[in-house]
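Along the sequence shown, residues carry numbers from 1.
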Amino acid sequence: VAAPVVEGTSCSDLGMIPDDGTKGSFNYSILLAAVKKGTKINVDGVYFLQSSTSSNLVNNLYINGASRDTSKLILLGGAFFTLNGTAVVDNISIECPTNTASYFIRMTAPFINDITIKNNYITGNIRLITSSTGDNYNFTSNTCYIKNLVIDNNEFYDLYSSSSTKIMIY
């Protein structure tokens, strides 16, 4: 089996601080700024993230790692990326150990997106991909859809629904 191709700027090179649960907001602000600039991200350790912003619109999101065991994002709650473009999340672990919900990829109409989620380990109080439109959204006049969706070779454990009911997905 060939080793995964790891691309992008490492979280440590961006200035994020690994293994420190008190640095969630700090790490997220650095990560969001890099993603907004179009930087591909290589998760090179364990990084805590916490979002308290709603101005998180990104055109493209590319996050990958060398291993689900060593490349981890620990979400401490909030909405992380509102996508309008392409997202690729590959070969990392995304965990949310708190009771505060985390929304990793959000889509707010109008959008046309391509999303690939593969080779990941995902656990906790996470909505990995979620979308919303207004009550009177006009789909005839405004485009709003996922053009391509690939969800492949992921492991989902101990996920929670919006009503906090525990569910398991195999």
Quick check for you: to the nearest 0.5 Å, what is the distance between M107 atom CE and I146 atom CD1?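 One gets 3.5 Å once the value is rounded to the nearest 0.5 Å.
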How many angstroms lie between atom CD1 of I112 and atom OG1 of T143, to the nearest 0.5 angstrom?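 Here the rounded value is 3.5 Å.
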With side chain to side chain contact (heavy atoms under 4.5 Å, CB included) as the test, pick out the partner of L32 among N56, N27, L49.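 That would be N56.
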Considering all heavy atoms, the nearest N84-P110 contact: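 Smallest interatomic distance, heavy atoms only, reads OD1-O, 4.3 Å.
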Starting from the C-alpha separation in whole Å, work towards a yes-or-no answer on ring-ring contact (aromatic ring centres under 6.0 Å, His included) for Y28 and Y47. CA-CA 9 Å; Y28 174 64; Y47 294 91; over 10 Å; no
Between Y103 and F80, is the ring centroid distance below 6.0 Å?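 No: the rings miss the under 6.0 Å criterion.
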Taking the six-membered ring for Trp, is the centroid-to-centroid distance between Y137 and F139 below 6.0 Å? yes
Given the ring of F48, does K23 sit roughly above its face, with NZ or CZ under 6.0 Å from the centre of the six-membered ring and within 45° of the axis? no
If Ile, Leu, Val, Met, Phe, Trp and Tyr residues are connected whenever their side-chain heavy atoms lie under 4.5 Å apart, and connections chain through other members, are I41 and I30 in the same group?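 Shared cluster, yes.
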Mind checking whether L149 and F104 sit in one hydrophobic cluster, side chains of I, L, V, M, F, W, Y counted as touching below 4.5 Å?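 In one cluster: yes.
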Looking at N99, I'd like to know if its CG atom is crowded, meaning that more than 12 non-hydrogen atoms belonging to other residues, nucleotides or ligands lie closer than 6.0 Å. no
I'd like to know whether I117 forms a side-chain contact (heavy atoms from CB on, under 4.5 Å) with I105, so could you lay out the CA-CA distance, the side-chain angles of the two residues, the decisive distance to 0.1 Å, and finally the verdict. CA-CA 11 Å; I117 308 291; I105 297 174; 4.1 Å; yes
